[in-house]
Amino acid sequence: MSLIALIFISLIGSLVAHRVALYAGKAGPWLVALLPAFLFFSFLGHAGAIGTGEVIFERIDWVPSLGIGLGVRLDGFSLLFTLLITGIGTLVTLYAGAYFAEYPAKKRAMFLFFIILFMSAMLGTVLADDLIMMFVFWEMTSVTSFMLIGFEATKPEARKAALQSLLVTAGGGLSLFAGILLIGMTLGTFSLSEVALRADELVASPYLAAIIVLILGGAFTKSAQFPFHFWLPNAMAAPTPASAYLHSATMVKLGVYLLARFDSIFASVPAFGLTLVAFGSATMLIAAFLALRAIGYKGVLAQSTVASLGILVMLIGLDGYVASVATVGFILTHALYKAALFFCAGTAIHATGITRLRGLGGLARFLPFTAAAAALASLSMAGLPPFIGFISKEYLFEAQLESSMNWIPVLVAVLVNAVMVAVAGAVSLKPFFFNRERIESVKHGETLGLLVGPLILATLGTLFGIAPWLVAQSLVQPAASALYGSPIDVSFSLWHGLTPMLALSALVVALGTAIVVYWDRLHIALRRMRWPDRLLGDKGYHAVFDGVIGAANGSTRFFQNGDQRRYTLIVAIATIALIGWAYFRSGGNFAILATGGPILIAPTALLILAVAGAVAAARTQSLITAVVAVGIVGYVSALLFLMNGAPDLALTQFSVETLVVVVIMAVLVRLPTYAPSTRTAGERRIDIGVSAAFALLVFVGLATMTAEPLDMRLTEFFSQRSLTEAYGHNVVNVVIVDFRALDTLGEIAVVGFATLAVWGLLRRRRPANATLARKG
Amino acid sequence: MNLVYAAALAALMGCGLYMLLSRQVVRIILGIALISAAVNFVIFFAGRIGASVPPLIIEGETALGPDTANPLPQALVLTAIVIGFSLVAFAAALALKTYRETGTLDTRELGDAEALGSPYTKEASSK
């Protein structure tokens with residue numbers, strides 16, 4: 001079936017799944033799981049062709065004008081991801097059905113809807129060949145992750161963690177988007193495969209550094225790399241099925257996926273690999289350290305996930321084909337054991353109601369199959385033979401020893417893997433097999449739905465370890481070849497002989513065993529330290545978050561302080577600044593010309609009278625005087641209209657001015673007529689300054705305006721058409737009632753509405769204080 | 001003469017803005033009235049002042065004579081005057097209503113909206 005069709009089936013399927021889960025009762029999750037299972041086998045059907053090195057391309061236009069399409073590509077590497085996404089998706093659906101068995105059907109259906117929707121988004125992201133399409137699905141995973149972390153929406157910490165993860169991952173998504181746009185600008189294409197073909201052009205681009213930093217921003221936030229490592233442990237507020245799916249097996253690996261896709265493109269930029277090794281190693285160390293300090297069962301697992309993601313980022317940074325094999329092998333291994341461990345942790349927490357790792361013990365009595373699955377998965381995690389974890393760790397060390405990097409990454413890897421061994425012991429041995437006295441009884445036992453997921457995953461981890469040929473040629477080899485860029489031969493096998501890698505593995509196991517023996521003592525000692533909380537937690541995030549809120553708060557308080565004068569002042573100053581800046585930018589072309597002929601005595605005298613009136617209005621404290629003074633200005637302008645050939649204007653102005661005086665006087669009769677100044681002396685000085693600056697700008701503007709030539713085309717038009725077309729001698733009237741008839745209609749409407757509003761405002765209602773009564 | 005007009009109009013605008021910046025509602029309304037009178041004259045002035053013959057087409061002619069005033073700004077200002085009047089009248093009625101309801105015309109005391117409280121303090125109290 002077409003790949004695009006599969007994505008659409010998945011998207012539409014999420015809606016169907018919601019309905020099915022809502023109405024099908026207990027069978028609901030099993031029916032819903034058919035969808036991811038169907039997708040899993042559909043993708044598996046492509047495995048044969050992909051295994052021979054084939055790459056499937058499909059494309060339909062989406063926004064052809066921008067060169068954006070739904071372009072999808074299935075190669076070995078994306079096949080690995082699609083199989084993990086749909087395979088684990090099937091198991092998560094079953095597990096979630098059992099996990100939420102006691103919840104209302106509505107809530108369970110909502111959870112399954114988000115899970116399937118998330119799965120669709122993941123499929124879209126890893127199948128996308130078009131970078132814009134990839135970005136859309138990428139952000140969709142962030143949003144569904146937000147919904148799932150905050151699924152227990154009544155808990156404040158869940159809401160907080162959801163918001164945190166959204167801000168970090170969606171913010172990083174925007175960084176990725178900027179990088180994608182720069183790539184599109186540089187190469188004129190958004191197709192990932194075409195970008196890969198023209199990598200040398202991209203590397204020669206002046207935007208190269210910006211592109212790399214922006215893409216790293218997207219990848220590091222999604223995959224919780226230092227300094228964004230803090231959000232993933234907090235995201236454990238999500239229900240455990242979501243944690244198992246999103247925050248260990250699939251979504252957090254998207255950053256790794258992205259880096260792997262761009263690794264071959266930036267292969268000729270040494271700084272790219274070096275940055276990945278540096279940040280990956282730092283993340284590994286920090287997360288391993290924090291894993292020893294973590295209290296919660298899921299918290300320990302989350303920190304070890306961050307460390308694993310660090311390992312993957314470091315592996316991508318290493319050169320050589322072994323690194324590609326190691327990357328692919330570890331992605332597969334980690335997804336198998338970590339999802340299984342999360343399932344086991346979820347069952348343990350759900351059955352006891354205890355989330356602290358040190359509160360659990362002896363659970364094998366009550367949850368025997370879960371304990372078995374946890375044991376198998378953690379043996380794989382510890383990297384012991386004959387589990388697949390052993391093989392992938394051998395490859396990890398081989399990749400490091402083969403690469404051109406120095407010994408520091410090897411040292412980091414040994415330390416971190418030792419902690420992983422210890423974590424594996426701490427999360428399976430201790431809660432399930434030791435400390436039997438801690439737990440006396442559990443709320444419920446195992447159900448089929450709770451067991452299917454962990455048992456299948458743990459068994460596969462063992463099976464692939466014993467019989468690596470099952471996946472070596474069909475899955476690992478094509479994926480590693482796609483990653484490396486050219487076909488490579490993979491001898492993915494359990495026994496490599498007596499190699500330096502084997503010695504390192506032995507060292508790791510020995511160290512890890514020592515740590516697990518002293519786990520409690522080490523844990524307590526590390527908990528006593530205060531500095532890790534300050535330095536390695538999410539203090540930086542909170543500082544940024546509170547800073548933004550504080551800045552918004554402060555600016556709102558400054559600009560919107562409730563004082564009318566402040567608002568007017570801000571608008572006035574902004575206007576003055578903008579116009580002043582525009583004058584300045586125009587090059588100061590102040591062609592001020594006294595072209596208006598000689599100074600005439602009568603108009604000048606009238607203007608002086610008007611200015612005197614305005615100044616009096618501004619200065620007086622008596623409102624009656626102010627009204628009269630403003631009236632003088634109106635009458636002067638009416639007289640000036642009359643003197644300059646505008647009798648219509650003069651007539652209107654006279655009557656309007658009279659009306660204004662009448663209306664305001666009528667209002668003032670009911671108001672105090674004496675209004676003392678409402679501004680302090682300092683405020684008045686500021687206002688005088690601002691008003692003077694405004695007046696100066698107006699003067700400069702008017703003086704320059706008169707020096708410009710006048711465009712008379714419209715005047716000519718009205719002059720010639722008024723009589724011939726509208727049969728009117730008075731051109732002004734013709735313009736008003738004929739040429740601009742609609743404007744005039746609008747004007748009449750405004751007057752009408754104003755009249756209605758005034759009437760409504762001033763009408764005395766019979767129950768005079770109805771509003772007051774309601775307020776009281 | 002243009003510079004005299006420009007200076008006088010600038011002075012009117014400055015006085016209008018100064019009144020607009022007051023906290024007394026009636027004074028703000030008078031500032032608006034002052035500014036709208038000045039702006040109307042600015043539009044008129046933009047069509048150039050000089051000819052004093054009204055823009056009427058003389059009997060027997062089909063177009064305006066060469067010395068008539070520019071009719072275009074006059075048509076614009078005519079609308080503006082009426083709209084400005086409506087605005088001032090409405091604002092005055094609103095001021096009267098405000099005074100009847102609250103007993104004050106000082107914008108500092110007209111804080112009903114602010115009295116609802118800040119969204120930030122509400123957020124803080126629920127934390």
Side-chain angles (χ1 to χ4, degrees), chain A residues 553 562 564-565 568 594 596-597 599-600 604 607 611 614-615 618 623 626 630 633-634 637 644-647 649 652-653 656 660 663-664 667 670-671 675 678 687 691-692 694-695 698-699 702-703 706 710 714-715 718-720 723-724 729-732 735-736 747 750-751 754 757-758 761-762, chain B residues 1-4 6-15 17-24 26-27 30 33-34 37 41 46 48-49 51-57 62-64 69-72 74-75 77-79 81-83 85-86 88-90 92-94 96-97 99 106-107 111 114 120:
Chain A
N553 204 341
Q564 169 74 38
R565 173 176 169 269
T568 316
I599 293 177
L600 306 168
T604 310
L607 285 173
V611 171
V615 171
L623 292 180
V630 171
V633 177
S637 87
N644 288 294
L649 288 194
T652 318
Q653 183 78 31
V656 158
V660 164
V663 165
I664 294 191
V667 167
R670 298 174 173 87
L671 298 178
T678 48
D687 292 356
S691 304
F694 182 64
V698 171
F699 173 73
L702 289 178
T706 49
L710 185 63
L714 276 177
T715 304
F718 290 125
S719 157
Q720 279 157 17
L723 188 64
T724 52
H729 287 276
N730 185 334
V731 179
V732 176
V735 172
I736 295 265
E747 173 200 344
V750 168
V751 177
V758 169
L761 281 171
L762 298 187
Chain B
M1 192 62 213
N2 282 345
L3 292 184
V4 178
L9 287 171
L12 294 184
M13 293 280 225
C15 290
L17 179 61
Y18 179 77
M19 294 180 79
L20 200 62
L21 285 166
S22 167
R23 292 197 180 94
Q24 218 282 342
V26 176
R27 211 167 258 149
L30 289 175
L34 192 52
F41 205 86
R48 301 297 187 272
I49 290 175
S52 57
V53 181
L56 298 173
I57 298 169
T62 57
L64 286 176
N70 190 347
L72 182 63
Q74 294 192 23
V77 172
L78 207 53
T79 311
I81 290 173
V82 178
I83 300 275
F85 162 68
S86 305
V88 170
F90 175 67
L94 207 55
L96 179 58
K97 180 77 177 172
Y99 185 73
D106 189 328
T107 56
E114 283 77 10
Y120 295 109

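First the proteins, then the strands, lettered A, B, ... as listed; each starts at 1. Below, each value reflects all heavy atoms present in this structure, side chains not excepted, and no hydrogens, waters or symmetry copies.
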Exercise. I would like to know whether A/Thr715 and B/Asn70 meet side chain to side chain donor-acceptor pair (under 3.5 Å); could you show each step before the answer?
Key: CA-CA 7 Å; A/Thr715 304; B/Asn70 190 347; 2.8 Å; yes

Taking all non-hydrogen atoms of both residues into account, name the closest pair between [X] and [Y] and its distance.
| X | Y | value |
| --- | --- | --- |
| A/Val630 | B/Leu34 | CG1-N, 4.3 Å |
| A/Gly645 | B/Gln74 | O-NE2, 2.9 Å |
| B/Met19 | A/Ala618 | CG-CA, 3.8 Å |
| A/Gln653 | B/Ile81 | OE1-CD1, 3.2 Å |
| A/Ala757 | B/Phe90 | CB-CE1, 3.3 Å |

Below 4.5 Å, heavy-atom pairs only: which of [options] has the largest tally toward chain B?
| options | answer |
| --- | --- |
| A/Val758, A/Ile664, A/Asp687, A/Thr652 | A/Asp687 |
| A/Leu649, A/Asn730, A/Val611 | A/Leu649 |
| A/Val735, A/Thr724, A/Leu623 | A/Leu623 |
| A/Ala754, A/Pro647, A/Ala646 | A/Ala646 |
| A/Val615, A/Val750, A/Val667, A/Asn644 | A/Asn644 |

Distance in Å, [X] [atom1] paired with [Y] [atom2], rounded so as to fall on 0.5 Å steps:
| X | Y | atom1 | atom2 | result |
| --- | --- | --- | --- | --- |
| B/Ile57 | A/Leu723 | CD1 | CG | 5.0 Å |
| A/Leu671 | B/Gln24 | CG | CD | 8.0 Å |
| A/Leu702 | B/Leu3 | CG | CG | 10.0 Å |
| B/Thr107 | A/Arg565 | OG1 | CZ | 10.0 Å |
| B/Leu72 | A/Leu714 | CG | CG | 5.5 Å |
| A/Thr568 | B/Leu17 | OG1 | CG | 8.5 Å |

With a 4.5 Å limit on heavy-atom distance, are the side chains of [X] and [Y] in contact?
| X | Y | answer |
| --- | --- | --- |
| A/Arg670 | B/Leu96 | yes |
| B/Ile83 | A/Glu747 | yes |
| B/Met1 | A/Thr604 | yes |
| A/Val663 | B/Val88 | no |
| A/Val751 | B/Phe85 | no |

Practice problem: List the steps, then state whether side-chain contact (heavy atoms from CB on, under 4.5 Å) holds for A/Leu600 with B/Val4. | Solution: CA-CA 10 Å; A/Leu600 306 168; B/Val4 178; over 6 Å; no

Exercise. Test side-chain contact (heavy atoms from CB on, under 4.5 Å) on B/Leu56 and A/Val731 and set out the steps.
Key: CA-CA 6 Å; B/Leu56 298 173; A/Val731 179; over 6 Å; no

Please confirm whether the backbone N or O of [Y] pairs with a side-chain atom of [X], one donor and one acceptor, at under 3.5 Å?
| X | Y | answer |
| --- | --- | --- |
| B/Arg23 | A/Thr678 | yes |
| A/Ser719 | B/Leu64 | yes |
| B/Arg27 | A/Ala675 | yes |
| A/Gln564 | B/Asp106 | no |

So which of [options] has the biggest tally of heavy-atom pairs under 4.5 Å with chain A?
| options | answer |
| --- | --- |
| B/Ala69, B/Gly14, B/Ala33, B/Ala93 | B/Ala93 |
| B/Ala89, B/Ser52, B/Ala46 | B/Ser52 |
| B/Pro71, B/Ala92, B/Ala75 | B/Ala75 |
| B/Ala8, B/Pro55, B/Ala37 | B/Pro55 |

Quiz prompt | Which portion of A/Ala692 sits near chain B, non-hydrogen atoms under 4.5 angstrom | solution =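 A/Ala692 has no heavy atom closer than 4.5 Å to chain B.
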
Exercise. Name the region of A/Val633, side chain, backbone, both or neither, that has any atom closer than 4.5 Å to a heavy atom of chain B.
Key: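 The answer is the side chain of A/Val633.
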
